[in-house]
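The structure appears below as structure tokens.
Just so it is clear, the model here is predicted, and its values are computed rather than measured.
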Amino acid sequence: MTMNKKLAAITVAAIATFASTPPASAADVSGSVGGAFSKGRTHVLITAGSGYAFDESYLVLGLGVTYYLIDGLNVGLSVESWTGSDPNMIKVTPSMTYVFHQNPKVNPYVGGFYRRAYIDSLPDINSVGARAGVYFTAGRNAYIGIGAVYESYIDCNSSVYRSCSDTYPELSFTIAF
């Protein structure tokens, strides 16, 4: 199965799983300090864009899910497919993020993550990083995230990788359930 077919299968499974979760009632949202970022809420994240690695440009498509443990604090898991150049990559990222949920229109966030990258014809590589940005309300339970990420590669071999750390922008679309 190609990586694009795997990503499509993962996408369909995740959307089917979380689309079947009933949305919070108006009483649940209005009674909670966190609103869409309150304890027990689930968000599905869709990421699309371009990336640059190994002196090549890539199409990056991703899907993730987060769950709010308490108001503002979530744990998440996401998968990204990097295709269109050689080598292809799949990145799996568990994360933790805090969203400052007090303002209903703009919600700053900070977080950290661990990432494992599976790279065709090269050893897998791990990284850790931090992110910060802001979510803007795009509709009832929909948000656009804009931020920046710092990522540092663990056990990085500078003779294989041009750089052992990166700073880059991120853009995401989130649907809250």
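With hydrogens and angles disregarded, a donor-acceptor distance shorter than 3.5 Å links the side chain of Ser163 to the backbone of Ser165. A donor-acceptor pair under 3.5 Å is absent between the side-chain atoms of Asp120 and the main chain of Pro87, judged by distance alone. Formation of a donor-acceptor pair under 3.5 Å by the His43 side chain with backbone atoms of Ala36 is found in this model.
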(message) Between His101 and Asp71, does the side chain to side chain contact (heavy atoms under 4.5 Å, CB included) criterion hold? Intermediate values first, please.
(response) CA-CA 8 Å; His101 53 81; Asp71 288 354; 3.8 Å; yes

Cut-off 3.5 Å, no hydrogens considered: what does the side-chain donor-acceptor table look like for residues 47-55, sequence neighbours left out?
unit_1, atom_1, unit_2, atom_2, d
Asp55, OD1, Arg162, NH2, 2.4
Asp55, OD2, Arg162, NH2, 2.8

Do any side-chain atoms of residues 169-177 form donor-acceptor pairs under 3.5 angstrom with protein atoms, and if so which ones, sequence neighbours left out?
unit_1, atom_1, unit_2, atom_2, d
Glu170, OE1, Arg131, NE, 3.2
Glu170, OE1, Arg131, NH2, 3.1
Glu170, OE2, Tyr109, OH, 2.9
Glu170, OE2, Arg131, NE, 3.0

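For Asn107, the side chain to side chain donor-acceptor pair (under 3.5 Å) test picks out no residue, with sequence neighbours left out. Listed by chain and number, the residues in a ring pair (Phe, Tyr, Trp, His ring centres under 6.0 Å) with Tyr143 are Phe37 (sequence neighbours excluded). For Tyr135, there are no side chain to side chain donor-acceptor pair (under 3.5 Å) partners, not counting sequence neighbours. Every residue meeting the side chain to side chain contact (heavy atoms under 4.5 Å, CB included) condition with Ala138, not counting sequence neighbours, appears here in chain and number order: Ala142, Ile144.
Residue pairs meeting the salt bridge (charged side-chain N to carboxylate O under 4.0 Å, His left out) criterion with at least one member in residues 145-161, sequence neighbours excluded: Arg115-Glu151. Residues in residues 94-112 take part in no salt bridge (charged side-chain N to carboxylate O under 4.0 Å, His left out) pair, two or more places apart or across chains. Residue pairs that meet the disulfide (SG to SG under 2.5 Å) test with at least one member in residues 148-177, sequence neighbours left out, are Cys156-Cys164.
The shortest distance between side-chain heavy atoms of Ile146 and Phe136 falls below 4.5 Å. Within the 4.5 Å cutoff, side-chain heavy atoms of Tyr68 are placed close to those of Val99. Side chains of Leu63 and Val44 form a contact here, defined as non-hydrogen atoms less than 4.5 Å apart.
In this structure, Tyr168 shares a hydrophobic cluster with Phe113, Val149, the cluster being traced through Ile, Leu, Val, Met, Phe, Trp and Tyr side chains under 4.5 angstrom apart. In the hydrophobic clustering (ILVMFWY side chains linked at under 4.5 Å, chained through shared members), Val128 is joined by Tyr114, Ile154. By the 4.5 Å side-chain criterion applied to Ile, Leu, Val, Met, Phe, Trp and Tyr, Tyr98 is assigned to a cluster that also includes Tyr67, Leu69, Ile70, Leu73, Val75, Met96, Phe100, Val110.
A single hydrophobic cluster is not seen to contain both Leu45 and Val60; linkage of ILVMFWY side chains at heavy-atom distances under 4.5 Å, directly or through other members, places them apart.
A pairwise comparison of heavy atoms in Val92 and Pro94 identifies O-CD, 3.9 Å as the closest pair.
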